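We number each residue from 1, following the sequence as shown. Just follow the structure's listing: the first ligand is 1, and inside any ligand the first atom is 1. Because the structure is predicted, anything quoted here is derived from the model rather than measured.
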Amino acid sequence: MPTVLYEVKGNYAVMTISRPKALNALNSEVLNDLNAALDAIDFSTVWALVITGDGAKSFVAGADIAEMSTLTPEEGEAFGKKGNDVFRKIETLPIPVIAAVNGFALGGGNELAMSCDIRLCSDNALFGQPEVGLGITPGFGGTQRLARLVPKGIAKELIYSAKNIKADEAKAIGLVNAVYAQEELLPAAEKLAAKIAKQAPIAVRACKKAINEGLDVDMDKAIVIEEKLFGSCFKTHDQIEGMDAFLTKRKEKNFINA
Ligand code: DAK
């Protein structure tokens, strides 16, 4: 049985981490399945992705503690690299990725959510980086992404104290965009994915690249990144279609990702 399920719904898709007996904790098998599922996405037709966890209790309860407990330093580094490579793949995926956080997002679970572009959560969600309580540091980018997503002092407090926070606090610090009742979460995430997938995909992808790459450099360089991506949109089918629809007052647009 694959531990990652994948369903295409029109121009967006839903990927579900499914290892319910361990609250969807990330072992090597899940990381390998996630990597393979990401590699199999057909970006010519899938224009946005939702990632969620199986069940109503847990998004991902972290990296698998049983698997990690016996690792040597070398094996620990290799395990960290496997997770980091997959999470970086999500972060740099050409299309927007929405995390629908349906419960526990602890350790590697919070790190997975933070690799996505946008986070929505259920009202029973719980976020945290409990690693220091296990005698390790966050290993899938937690120290880096949390400190970039929320104020640095808050990131440090959460990481140093292994404190968990509930959905409303996650919203208050900007870790998630919105909180929903459990049964409303996936529909809301899918509605957002569908709305994104209605826009011109080449433009949406260029925006993701501009934001991600621009934030890593100073403003002078960042503006040039935007200029080049802006320029690359012109004379594409989707730019001509989008502007023609506006100028001819036409509601329906036929974007083709070219
Ligand atoms: N790993 C393995 N199994 C887990 C798990 C996890 N992270 N979380 C839950 N499970 C398993 C439990 O062992 C239990 O299995 P059985 O005993 O039934 O066989 C089953 O899921 C149900 O869990 P509970 O019975 O504990 O359920 P509760 O509702 O009572 O509690 C809980 C839910 C999420 C509060 C609790 O399970 C919990 O505290 N889980 C651990 C959460 C956690 O500490 N997560 C962070 C893991 S550390 C690195 C690479 C990566 C990382 C670090 C470094 N490098 C290479 C440097 C990442 C680290 C982490 O993510």
Show the short N or O contacts, below 3.5 Å, that ligand 1 makes with protein N or O atoms; if there are none, say 'none'.
{"residue": "ligand 1", "atom": "1 (N)", "partner": "Ile65", "partner atom": "N", "Å": "2.9"}
{"residue": "ligand 1", "atom": "7 (N)", "partner": "Ala61", "partner atom": "O", "Å": "2.9"}
{"residue": "ligand 1", "atom": "7 (N)", "partner": "Ala63", "partner atom": "O", "Å": "3.0"}
{"residue": "ligand 1", "atom": "29 (O)", "partner": "Lys57", "partner atom": "NZ", "Å": "2.7"}
{"residue": "ligand 1", "atom": "45 (N)", "partner": "Ala61", "partner atom": "O", "Å": "2.9"}
{"residue": "ligand 1", "atom": "61 (O)", "partner": "Ala63", "partner atom": "N", "Å": "2.8"}
{"residue": "ligand 1", "atom": "61 (O)", "partner": "Gly108", "partner atom": "N", "Å": "2.8"}

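- Side-chain atoms of Asp238 and Thr236 form no donor-acceptor pair, as typed in the model, at a separation below 3.5 Å.
- For Asp123, there are no salt bridge (charged side-chain N to carboxylate O under 4.0 Å, His left out) partners two or more places apart in sequence or in a different chain.
- Asn212 and Glu91 are not linked by any side-chain donor-acceptor pair at a separation below 3.5 angstrom, with hydrogens and angles left out of the test.
- No side-chain N or O of Asn11 forms a donor-acceptor pair with one of Lys198 less than 3.5 Å apart.
- Judged by distance alone, with hydrogens and angles left aside, the side-chain atoms of Asn84 form a donor-acceptor pair with the main-chain N or O of Gly80 at under 3.5 Å.
- Asp85 and Lys89 are not joined by a salt bridge, as no carboxylate oxygen comes within less than 4.0 angstrom of a charged side-chain nitrogen.
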